[in-house]
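Below is one structure, written out as structure tokens; comments come after it.
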Amino acid sequence: GDLNVKVPVDTKDEYGKVAQTFNDMTFRLREAEEARRRLVADVAHELRTPLSMMQLKLENYQQSVHHIPPEMLLRIHDEVIRMSLLVDDLYVLSLAEAGRLSLNRKPLDLTVHLERMVDDVKYEAEENGLDVCLYTNSMPVTTIADARRITQVFYNLLTNAIRYTPRGGKITVEIEDRVADGNAYFARVSVSDTGIGIPEEALPHLFDRFYRVDEARSRHTGGTGLGLSIAHHFVKAHDGFIRVASEPDEGTTFSVYLPSGNGILNKG
Ligand code: ADP
């Protein structure tokens with residue numbers, strides 16, 4: 001349908017208000033329609049590349065007298081797994097964007113949670129020649145959160161830090177309680193790296209889905225391009241927010257602010 005309709009608003013009475021509301025609604029519909037159209041185009045583009053690659057490989061072997069070598073099957077299998085992850089990520093992202101993400105919120109001690117997560121990624125970091133450290137200014141640092149969603153947020157930030165930091169670098173996780181912002185207190189978890197950094201002009205687009213600073217490099221490192229969008233929307237669903245500071249060739253810090261739930265654990 002044509003969403004470019006607009007009703008003239010010439011009166012300040014009830015009719016004027018109805019006309020104004022109508023115009024606001026068509027504007028929002030048009031925005032939603034545009035977002036949907038863009039999403040379909042992005043998804044088609046993201047799935048097209050790995051699918052074409054697999055199709056080509058399989059067709060080459062159909063025309064050859066040789067069997068498919070096991071390494072080739074492994075590579076195709078990896079691609080299939082990557083596409084499945086992409087589809088899963090897209091699904092939760094669409095739920096979160098629509099404000100329909102189900103959250104099972106409970107008191108969560110971020111210090112204990114992050115210590116466990118750092119242990120989980122330590123091996124991969126060390127394989128990549130990186131050191132991982134964790135600091136905290138108090139214990140416990142409590143928030144009310146869905147542990148599974150929060151795990152995905154920090155998993156995305158930690159794997160990015162590993163991915164975009166050259167050997168010999170360092171990743172630091174810092175957990176603080178009662179950080180004031182505006183007129184509220186937050187628990188703050190910062191994930192810093194000494195990596196390649198992000199150019200200033202890229203920062204405003206960083207949380208857009210499928211945005212990558214360096215398309216070739218990120219594709220090679222195996223990310224889906226959805227990690228930061230998911231982190232942003234999951235944190236937003238918890239009434240928090242993420243800030244980023246970065247200096248090219250120096251490193252990047254992502255700071256996650258979550259509502260402080262301090263005292264809740266003690267109150268029992
Ligand atoms: P990807 O799957 O490509 O990593 P993300 O949404 O997680 O997608 O990140 C988007 C882009 O932001 C990345 O492609 C990369 O260019 C940039 N980026 C994210 N984290 C970092 C970091 N810690 N250091 C440098 N660049 C980063």
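Every value quoted in this text rests on a predicted model; they were computed, and no experiment measured them. Atoms within each ligand, like the ligands themselves, are counted from 1 in listed order. In what follows, residues are counted from 1 in the order of the sequence shown.
Gln63 and Glu59 form no side-chain donor-acceptor contact under 3.5 Å, judged by distance and modelled atom types alone.
Counting heavy atoms from C-beta outward, Leu58 and Ile76 have side chains that approach closer than 4.5 Å.
Under the salt bridge (Lys or Arg N to Asp or Glu O under 4.0 Å) criterion, the residue pairs touching residues 227-241 are Arg105-Asp239, with sequence neighbours excluded.
Using a 4.0 Å cut-off to heavy atoms of Thr252, the atoms of ligand 1 that qualify are 24 (N). In the vicinity of Leu206, heavy-atom distances shorter than 4.0 Å reach the ligand 1 atoms 12 (O). Under a 4.0 Å criterion applied to the non-hydrogen atoms of Gly197, ligand 1 contributes the atoms 25 (C). Listed by number with element, the atoms of ligand 1 under 4.0 Å from a non-hydrogen atom of Leu228 are 5 (P), 6 (O), 7 (O), 9 (O), 10 (C), 12 (O), 19 (C). Using a 4.0 Å cut-off to heavy atoms of Gly227, the atoms of ligand 1 that qualify are 5 (P), 6 (O), 7 (O). Distances below 4.0 Å separate heavy atoms of Gly225 from the following atoms of ligand 1: 1 (P), 2 (O), 3 (O), 6 (O), 8 (O). Contact atoms of ligand 1 toward Arg212: 3 (O), 14 (O) (distance under 4.0 Å to a heavy atom of the residue). For ligand 1, the atoms lying closer than 4.0 Å to a non-hydrogen atom of Tyr211 are 10 (C), 11 (C).
The 12-atom threshold is not exceeded at NE2 of His77, counting heavy atoms of other residues, nucleotides or ligands nearer than 6.0 Å. The number of heavy atoms from other shown groups lying within 6.0 Å of OH (Tyr155) does not exceed 12.
Applying the side chain to side chain contact (heavy atoms under 4.5 Å, CB included) test to Leu73 and every residue at least two apart in sequence or in another chain returns Ile68.
Considering both main-chain and side-chain atoms, Ser229 never comes within under 3.5 Å of ligand 1 through any nitrogen or oxygen pair. An N or O contact shorter than 3.5 Å links Val213 to ligand 1 by distance.
Using a 4.0 Å cutoff on heavy atoms, Arg163 counts as a contact of ligand 1. Distances from ligand 1 to the non-hydrogen atoms of Phe254 include at least one value under 4.0 Å.
In this pair, Phe186 and Phe241 present their aromatic rings perpendicular. The plane angle is above 60°, beyond the 30 to 60° band. Ring orientation note: the planes of His232 and Phe207 are tilted relative to one another, at an angle of 30° to 60°.
Residue-level proximity to ligand 1 for Asp193 is carried by the side chain, the only part with a heavy atom below 4.0 angstrom.
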Q: For the pair Leu86 and Phe210, evaluate side chain to side chain contact (heavy atoms under 4.5 Å, CB included) and give the outcome as yes or no after the intermediate values.
A: CA-CA 11 Å; Leu86 176 64; Phe210 297 128; 3.7 Å; yes

